[in-house]
Novice: 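This is the structure I have questions about; it appears just below.
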Protein chains: 2
Amino acid sequence: MTVGIRHDDLRRRNRAMVISAVRRNGQTSRTEIAAVTSLSHSTISAISSDLISEGILAEARHEQLALKRGRPQVALALEPKAAVVMTVVLSLNFLAATLLDYAGEIVAEEQHRLDTRAMPREDLIGECVAIVRRKLDDPRRDGRRVLRIVLAIQGITDAPARAMLWSPITPHTDIAFADILEREFSVPVTVENDCNMMAVALRWRDPERYRNDFIAILLSHGIGMGLVLKGELFTGTHSSGGEFGHMIHRPDGALCRCGRRGCIEAYAGNYAIWRNARRMDENAEPVDDIGEADMRALADAARDHDGPEREAYRKAGEALGFGLGSLFALIDPAPVAMVGASAAAFDLIEPALREAIARTAGGHHSTSISFDTEPDELALLRGGCAMRALTFVDNEIFAAGNPAQMELAAGHEMA
Amino acid sequence: MTVGIRHDDLRRRNRAMVISAVRRNGQTSRTEIAAVTSLSHSTISAISSDLISEGILAEARHEQLALKRGRPQVALALEPKAAVVMTVVLSLNFLAATLLDYAGEIVAEEQHRLDTRAMPREDLIGECVAIVRRKLDDPRRDGRRVLRIVLAIQGITDAPARAMLWSPITPHTDIAFADILEREFSVPVTVENDCNMMAVALRWRDPERYRNDFIAILLSHGIGMGLVLKGELFTGTHSSGGEFGHMIHRPDGALCRCGRRGCIEAYAGNYAIWRNARRMDENAEPVDDIGEADMRALADAARDHDGPEREAYRKAGEALGFGLGSLFALIDPAPVAMVGASAAAFDLIEPALREAIARTAGGHHSTSISFDTEPDELALLRGGCAMRALTFVDNEIFAAGNPAQMELAAGHEMA
DNA sequence: CTCTTTTTTTCGAGCCTCGAAAAAAGTGTG
DNA sequence: CACACTTTTTTCGAGGCTCGAAAAAAAGAG
């Protein structure tokens, strides 16, 4: 806020700018970078020659860019050998780790099932540590230093992204994953909410559509949200925030998994749809495990004939619609992506959702609000984590480029 | 976003930093500025001597600061003669304009009643133009150039802050006040939402309490909100946003002034409290005019005995509580200021509000959420507009300090 | 093989911030 | 009342950074 800008900040920021331009475009020339950053050619030339000599960027003669007259543009690309990062995804009964090079290509990956809900605390932590260790020891890492680990988890994380506070995947709470992994491996770690990482991934995957303001909603057992405002991930001010699923739809309404009543999730989460489709009382204790096949059967039944199944999806749509309407009243409409396996049933949800949203203040232009479905949540999740880790390296480590920092990076470990 | 930082930006930002340090503290020394900005003493010295020679700052020997040994600190203060700004407040049946010097002292002001709801469009605009003209012609302006006009208005404004789109104070819509006034007076103008300006004022009035994240809620005929997140006014992404009063409290519930059903305002606005206290149907058409005395009588009745009046305030509290709970689920709790004449009845609202918020996901620490009441909304409104106008001059005009810009400022008008 | 076009690098100029040292403007003390 | 001490402010040269202009490089066109 009040802190002045010093002379060295200038170089740091402009280095970051150059790196980010290359990361966004995959391959760019110095001329293009000069154009988008509105810095002079001389400056870009100086910075990129520094970055190349530091082994962060590399010239790649692979250009299909300029078939014009004149000296052809030299493509700049990220140097894959500059570093590697790791992503870890921990979700219900599932653990995966991926090692990626600095250019974002997958170097090694591993995933397997495990019974997260029944595991003792120490075993859960142990499995995470073990999978990280195996990936760190993977020969394909080829001696490249690991500069960042990002762990994505369903549930609530703390604001500095260092701990899981609560998660539906385990009864255990307050697990300081970042501290644990940093102590073990001396690599900087953050713990991120899964929906936030999906939003990050959407932004990289389709920057045209998901530019400065958009919403990713995870339709799953529970309801999650990732929110990007003004081009930045909005993570609440203290904890992870963005608990869209626990906005109140009907005061004193249906029983939610969180113990409260009337949350959106208590109408739109898988367990809520299940409960309504089975004509159970809306105060019935939420069921824990509903197989994907069961949900698909429910959706098929709803498509097939009018009945409690169809009504259950209608109620889900209504809850989501009023919730989005309230959200839009606060932040103005934005594109929405419906993510997750249950997004495949969005056709059943959408009519009631649009009908509800049109009756709210946020629904001014309800017909112009666009919904997109992305059934493959795991792919998004991994992609988002990868970009989160890589941009951290870009902005926090390589942009600084001060000798101490680089020295540290050159050793294979960080304090 | 992607734009690089050039050499002159650096000076501009550091100049802005110095000016803002002086504006915040009223009087500061160079040493203090160096401390808070973490810039070197030489830099601060150079910048402040520039600012003094440009007539933006002035040395004021008025120090009660350092009674220590050593050379006494020289106080720096804003030079009142550097410029003047104007604020215009247009609310229900009321119009006011204030001229302030660069240090924020009131130079001239004027206010009067007028029947905004019955006035033809041209008359409403005409009154605003006339009051601005009278203040511009005020001899107390003393030749100082007017560098900014901020007009605050109840209702919805567009995002670039140039037009009033809709307002409860007049049947007319889409009045491009900024363009109209700029054409007339050649001074840059913005049109701001009243609740947003109140939030701005709170931040300046009590920076300890209202720092980076807080909420100002206007309890009045309608319900408005100003939201500050991460130290910045959050104004939605397209239009003015922040329509807290029109979040949905009960789907298909009570009739709101906006024509929809179940909005928070339809339970907590003055007309809603009135409607409930009179045991009218909750779908009864909202009453337009309720005098302040009538509302006070209602509140007194509610304090005196249990009955429909007390129940009406309870319902208002419940609606506000669930609404805040949903809001807090999204953005995490923050201090709340209840602003406006009706905030004087907050004692009647608070119990039900707290009870409701405790039943929401955002109410984790409901007891620690603090509410503050600020009955004098007009004072806040004026103060907020003044700071908005002055900081614009600070950051957009004086921070740049380039010859062209300064030349422009020296002439008494801007293009 | 030479000319034209476009990209990239080189080089000196002009700012800006910084640290160190000097100057300034007081207070305490014998 | 002079002198030492303390703290603030200014001065000055050094070091960095970006910029514009010019030069060099690397093609295609004729």
Side-chain angles (χ1 to χ4, degrees), chain A residues 3-18 21-22 27-53 57-76 399-403, chain B residues 3-18 21-22 27-53 57-76 399-403:
Chain A
V3 68
I5 301 182
R6 293 212 300 286
H7 215 180
D8 34 332
D9 293 335
L10 206 149
R11 220 339 151 44
R12 194 173 48 70
R13 296 199 197 192
N14 287 341
R15 280 171 62 107
M17 212 69 69
V18 170
V22 177
Q27 289 205 334
T28 336
S29 70
R30 293 168 177 81
T31 310
E32 278 185 70
I33 298 175
V36 297
T37 59
S38 74
L39 293 169
S40 74
H41 286 214
S42 0
T43 302
I44 299 302
S45 183
I47 290 178
S48 35
S49 101
D50 282 0
L51 291 173
I52 290 170
S53 76
L57 297 186
E59 295 194 341
R61 205 150 288 267
H62 256 257
E63 0 104 40
Q64 61 273 48
L65 299 166
L67 299 171
K68 299 169 297 183
R69 273 180 73 142
R71 177 173 175 174
Q73 301 187 346
V74 178
L76 293 175
N402 73 63
Chain B
V3 68
I5 301 182
R6 293 212 301 286
H7 217 177
D8 33 331
D9 294 335
L10 206 149
R11 219 338 151 45
R12 193 172 47 71
R13 295 197 197 192
N14 287 341
R15 280 170 63 107
M17 212 69 68
V18 170
V22 177
Q27 289 205 333
T28 337
S29 69
R30 294 168 176 80
T31 309
E32 277 185 71
I33 298 173
V36 299
T37 59
S38 75
L39 293 169
S40 75
H41 286 210
S42 359
T43 302
I44 300 301
S45 183
I47 290 178
S48 35
S49 102
D50 281 1
L51 292 173
I52 289 170
S53 76
L57 297 186
E59 295 194 341
R61 206 151 288 269
H62 255 258
E63 359 104 42
Q64 61 272 50
L65 299 166
L67 299 171
K68 298 170 296 184
R69 276 180 71 139
R71 176 172 176 175
Q73 301 187 345
V74 178
L76 293 176
N402 72 62

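Every chain is numbered from 1 and lettered A, B, ... according to where its sequence line falls, protein lines coming before strand lines.
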Novice: Is the phosphate of dT17(C) approached by Ser40(B) (side-chain N or O, under 4.0 Å from OP1 or OP2)?
Specialist: no
Novice: Quick one: Met17(A) CE to dC17(D) P, roughly how many Å, whole number?
Specialist: 16 Å
Novice: State whether Arg12(B) and Asp9(B) are salt-bridged, where the test is any N-O pair (Lys NZ or Arg NE/NH1/NH2 against Asp/Glu carboxylate O) under 4.0 Å.
Specialist: yes
Novice: Between P on dC12(D) and NE2 on His41(B), what's the gap in Å once rounded to a whole number?
Specialist: 19 Å
Novice: Could you check how far CD of Glu32(B) sits from C1' of dT7(D), rounded to whole Å?
Specialist: 14 Å
Novice: Nearest to the side chain of Ser42(B), which nucleotide is it out of dT11(D), dT7(D), dG16(D)?
Specialist: dT11(D)
Novice: Between Gly70(A) and Glu59(A), which has a closest nucleotide on DNA chain C that is more 5'?
Specialist: Gly70(A)
Novice: Compare the minimum distances between each of dT8(C), dT8(D), dC16(C) and the side chain of Gln73(B), then state the nucleotide with the smallest one.
Specialist: dT8(D)
Novice: Find the distance Asp50(B):CG to dC15(C):C1' and express it as a whole number of Å.
Specialist: 12 Å
Novice: Nearest-Å distance, CZ (Arg15(B)) to C1' (dC16(C))?
Specialist: 13 Å
Novice: Hey, does Asn14(A) reach any base, or is it just sugar-phosphate, or nothing, if we go heavy atoms under 4.0 Å?
Specialist: sugar-phosphate
Novice: Taking the side chain from Ser45(B) and the backbone from His41(B), do they hold a donor-acceptor pair closer than 3.5 Å?
Specialist: no
Novice: Using only side-chain N and O atoms of Ser45(A), determine if any of them is under 4.0 Å from OP1 or OP2 of dT9(C).
Specialist: yes
Novice: Quick check on dC16(C): is either OP1 or OP2 less than 4.0 Å from any side-chain nitrogen or oxygen of Arg6(B)?
Specialist: no
Novice: For Ile47(B) and Met17(B), run side chain to side chain contact (heavy atoms under 4.5 Å, CB included): C-alpha distance rounded to whole Å, both residues' side-chain angles, the deciding distance at 0.1 Å, then the answer.
Specialist: CA-CA 10 Å; Ile47(B) 290 178; Met17(B) 212 69 68; over 6 Å; no
Novice: Taking 4.0 Å as the cut-off, does a side-chain nitrogen or oxygen of Arg11(A) come that near to OP1 or OP2 on dT18(D)?
Specialist: yes
Novice: If I take atom CZ in residue Arg71(B) and atom C1' in nucleotide dT7(D), what distance separates them, rounded to the nearest angstrom?
Specialist: 9 Å
Novice: Could you state the CG-P distance from Leu51(A) to dT8(C), rounded to the nearest angstrom?
Specialist: 15 Å
Novice: Specify the separation, in whole Å, of atom CG of Leu39(B) and atom P of dT9(D).
Specialist: 15 Å
Novice: For Thr31(A) and for Ser38(B), locate the closest nucleotide of DNA chain C by heavy-atom distance; then report the residue assigned to the nucleotide nearer the 5' terminus.
Specialist: Thr31(A)
Novice: With a 4.5 Å heavy-atom cut-off, do Asn14(B) and Val18(B) have their side chains touching?
Specialist: no
Novice: Salt bridge check, Arg11(A) against Asp50(A): does any charged N sit closer than 4.0 Å to a carboxylate O?
Specialist: yes
Novice: When you get a sec, tell me which of dC19(D), dA29(D), dC18(C) is the closest nucleotide to the side chain of Arg69(A)?
Specialist: dA29(D)
